[in-house]
2 protein chains.
Amino acid sequence: MTTLKLDEFLPYRLSIASNRVSAAVASTYQALFGLKIPEWRLIAVIAEGEGATQQALGVATRMDKVTVSRAAATLVERGLVERRPNLGDQRSHLLILTATGRALYEDVAPKALELEAQVFAGFSPQEIATFAAMLERIEASAAPFDSERG
Amino acid sequence: MTTLKLDEFLPYRLSIASNRVSAAVASTYQALFGLKIPEWRLIAVIAEGEGATQQALGVATRMDKVTVSRAAATLVERGLVERRPNLGDQRSHLLILTATGRALYEDVAPKALELEAQVFAGFSPQEIATFAAMLERIEASAAPFDSERG
DNA sequence: GCTATATGGTTACAGATGAAACCAGTTGGA
DNA sequence: TCCAACTGGTTTCATCTGTAACCATATAGC
């Protein structure tokens, strides 16, 4: 007879920890900037590069194209992001930050890093690196299931 | 000017890893046993003890009382769980596994452990312990935000 | 004892999310 | 060059999840 203590079941622990952190992050962004997580992720990725299509953003943020579509629409609506025609493929556009969007990003980014620092306050740089590497391994070994879902 | 690479932002990495693992777990439970994650969690906790109220289950599984209520209703409906009167407080019941529920649990538990083993295949026991401890620390330092949400 | 407040649980409602259907534009092959 | 299959993106629909309102029972203060 097998027994399983939920408290010691790692997928459960992982989920709880992740949900707490996500809740912390989400409520901070929401309260300070009126941004949802998908919107914030788009801004972060757009800020890194020079004009991305929604399809590219989906890949970069691992979000569904529907989620990307909605978040992008909201950002355009708010005047934080602008659509430029994508020469060479008229089905898509290139999304770039407006001046306002860029300014917001400059406000959000430090807050995000601050929050991250708070959550990992007790961690040494070495531990953080270890943790990040472990996440990557987990992600990789759980990835196959993702495709199975179809 | 602050820049932030989303890929290196730990709350993001954590969320991605957790979502992948959850997706793997969820689709396995669903496919093999027709169970959703909240239902499975209830079964696991009920199996550990001897009759729990929904309120206790909510605490043990960190799930909302609404989620617990719905999952419990489904399990009772399916004949996996039974409600016993709670002497001393008639507002609540004690939930216990039926024979069928117990049998299902005996089937699910090994599969769950197997899946966990697959996801953490590359990890040494030492690494697993380290990882679990880190999750606990993260959970603790992100917890304060939970109450902030109200 | 009786009323006010608190607590366990359910129901109703609203927001978030993803799968599937859909539309527009693109590409490869007859 | 024309049509079939494909791809980027949006819309529709079903599902999940949580907040708020609610009902029933319990408990504390008078």
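Chain letters run A, B, ... following the sequence lines, proteins first and then strands; every chain starts at 1. Only a predicted model underlies this, so the values are computations on that prediction, with no experimental measurement involved.
Rounded to an integer number of Å, the gap from CG of B/L87 to C1' of D/dA26 is 15 Å. A/K36 places its NZ atom 9 Å from the P atom of C/dG15, with the value rounded to the nearest Å. One can place CG of A/L57 at 8 Å from P of D/dG9, the figure rounded to the nearest angstrom. Note: CD (A/Q30) to C1' (D/dG18) measures 15 Å, nearest angstrom. Computed from coordinates, the A/L94 CG to D/dG8 P distance equals 13 Å when rounded to whole Å. When the P atom of D/dG18 is taken as reference, atom CD1 of B/I37 falls 12 Å away, rounded to whole Å.
Scanning both residues, A/L75 and A/L35, for their nearest heavy atoms gives CD2-CD2, 4.1 Å. Pairing each heavy atom of A/T98 with each of A/G79, the nearest pair is OG1-O, 2.7 Å. Across A/T53 and A/S92, no two heavy atoms sit closer than the pair CG2-OG, 3.9 Å.
Residues passing the side-chain hydrogen bond (donor to acceptor under 3.5 Å, both in side chains) test with B/D64: none are found, sequence neighbours excluded. Every residue meeting the side chain to side chain contact (heavy atoms under 4.5 Å, CB included) condition with B/T74, not counting sequence neighbours, appears here in chain and number order: B/E39. With sequence neighbours excluded, the residues forming a side-chain hydrogen bond (donor to acceptor under 3.5 Å, both in side chains) with A/E82 are A/R84, listed by chain and number.
Residue contacts for B/D64: at a heavy-atom cut-off of 4.0 Å it reaches a base atom on one of the strands shown.
Contact annotation: B/T67 side-chain N/O to D/dG18 OP1/OP2 distance is under 4.0 Å.
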Quiz item: What does nucleotides 7-13 of chain C look like as a protein-contact string, B for base, S for sugar-phosphate only, - for none, at under 4.0 angstrom between heavy atoms?
Solution: BSBBB--
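Checking B/R41 against B/T67 by side-chain atom types alone, no donor-acceptor pair falls below 3.5 Å.
Helical stems in DNA chain D, defined as runs of 3 or more consecutive Watson-Crick or G-U wobble pairs with both donor-acceptor distances under 3.5 Å, are listed by first residue as C:1-30 with D:1-30.
Ring-plane geometry between A/F131 and A/F120 is classed as tilted, the angle between the planes lying from 30 to 60 degrees on a 0 to 90 degree scale.
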In a table with atom names and distances, give each donor-acceptor pair under 3.5 Å that connects a side chain of residues 100-109 of chain A to protein atoms at least two apart or in another chain.
| residue | atom | partner | partner atom | Å |
| --- | --- | --- | --- | --- |
| A/Y105 | OH | B/L4 | N | 3.0 |

